[in-house]
Colleague: 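This structure is in structure tokens; I'll ask about it shortly.
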Amino acid sequence: MSEFTYTSPLAGVIKPGVYGASKTAPGVAILETWRSLYSIMPRNGQQSVVSGVTRERYGLPLPDIGRVTSNAEHSMIWSGLNQWMLAGALNETDINFPELADALKDMAALVDHSHARSIIRLSGSQARHTLAKLCALDTHPRSFSSNYSAATRMAHISTLIHQIDAAPLYEIYVPRAFARSFFSELCEAAAEYGYIAEPLRRDP
Amino acid sequence: MRINCPLCGERASDEFSYLGDATPGRPPSGASLKEWHDYVYLRDNPRGPHHEYWHHVGGCRAWLVIHRDTFTHEIFDVGLACDIEESVG
Ligand SMILES: [Zn+2]
């Protein structure tokens with residue numbers, strides 16, 4: 001829906017491959033991905049009306065604090081005080097921004113972040129241990145699990161974490177200008193377990 | 001030091017930035033120059049309980065009002081600044 005093409009900030013930073021201690025049984029997978037991404041901030045007193053609109057359009061009402069509503073393709077991620085992030089399908093530009101902006105006219109502030117964030121998918125048996133080196137969030141399943149989100153700092157960078165699956169599978173949103181710093185810190189943390197790295201396969 | 005954000009839960013203090021004293025109230029329009037001078041420039045520096053503005057800049061980005069002891073660092077209460085401002089009027 002946009003005339004702009006996304007260019008990965010990690011392009012040329014790392015070749016796809018297996019790195020670190022264990023090349024035969026890597027414990028972590030680090031995949032770069034892309035989604036169209038929009039922040040939604042309801043105006044005063046408009047939260048339930050906005051939630052009705054997003055429920056009707058995508059089947060995704062605005063979730064509670066620290067939670068995510070999702071369907072097979074899209075997610076509505078709580079990302080801060082009175083703010084949610086609508087994330088589109090994996091590597092597709094599938095959300096009609098002008099239509100959504102029109103539907104939320106006078107109800108919410110809507111901002112396109114599709115080219116502002118770098119998204120890392122983190123999974124594998126040692127993903128939680130890797131995260132533990134980067135942030136102070138308690139990611140034990142008793143306090144953080146599927147359809148949870150948190151805004152926190154990692155490597156001194158403000159990040160947004162969305163746990164997608166209990167397996168575990170996380171997606172971490174990082175301001176794109178900090179993507180290289182974050183990526184190198186993450187790879188450093190995963191090195192002792194061995195990790196698969198996969199940069200964005202194609203620019204969507 | 002850890003701060004219990006009303007939205008995010010307990011987080012390390014390095015996720016927060018300190019703005020300043022939350023006690024001064026904005027003078028009404030038409031207030032004297034002296035009142036404005038006091039509001040803009042003059043602050044107490046208490047040793048003990050104090051209300052302060054903090055920003056959860058590394059998290060939910062909410063402005064907080066924290067009631068804490070500047071001597072013992074004990075935190076008595078953390079609230080959202082928007083709720084507190086609304087209740088004050
Ligand atoms: Zn917070």
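Hydrogens, waters and symmetry mates are skipped; everything else that's a heavy atom, side chains included, is used.
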Colleague: Does CZ belonging to A/F178 count more than 12 external heavy atoms closer than 6.0 Å?
Modeller: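 No, because the 6.0 Å sphere around CZ of A/F178 holds 12 heavy atoms or fewer from other groups.
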Colleague: Should we say atom CZ of B/R2 is surrounded by more than 12 heavy atoms from elsewhere, each under 6.0 Å from it?
Modeller: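 Atom CZ in B/R2 is not packed in, count stays at 12 or less.
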Colleague: What do you reckon, is CZ of B/F71 surrounded by more than 12 foreign heavy atoms closer than 6.0 Å?
Modeller: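 Open: at most 12 neighbouring heavy atoms sit under 6.0 Å from CZ of B/F71.
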Colleague: Taking all atoms of both residues into account, what is the closest heavy-atom pair of A/L81 and B/L80, and its distance?
Modeller: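 Scanning both residues completely, I find the closest heavy atoms to be CD1-CD1, 4.3 Å.
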Colleague: Looking only at atom types and distance, does a side-chain atom of A/R153 sit under 3.5 Å from a main-chain N or O of B/D14, one as donor and one as acceptor?
Modeller: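 Checked: pair present.
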Colleague: In terms of heavy-atom proximity below 4.5 Å to chain B, should A/L160 be classed as side chain, backbone, both, or neither?
Modeller: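 Neither part.
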Colleague: Please check if the number of heavy atoms outside A/R57 that lie under 6.0 Å from its CZ is greater than 12.
Modeller: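 Yes, enclosed.
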Colleague: Quick check on B/A62 against chain A: is it the side chain, the backbone, both or neither that has a heavy atom closer than 4.5 Å?
Modeller: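 Its backbone and side chain both get close to chain A.
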Colleague: Could you tell me which non-hydrogen atom of A/A151 sits nearest to which non-hydrogen atom of B/R11, and how far apart they are?
Modeller: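 Shortest heavy-atom separation between A/A151 and B/R11 comes out as O-NH1, 2.7 Å.
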Colleague: Of all of B/G9, B/A12, B/G59, which one pairs up most often with chain A through heavy atoms under 4.5 Å apart?
Modeller: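 Of the candidates given, the most pairs with chain A belong to B/G59.
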Colleague: Near A/E56 CD, under 6.0 Å, is it more than 12 heavy atoms from other residues, nucleotides or ligands?
Modeller: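 Open.
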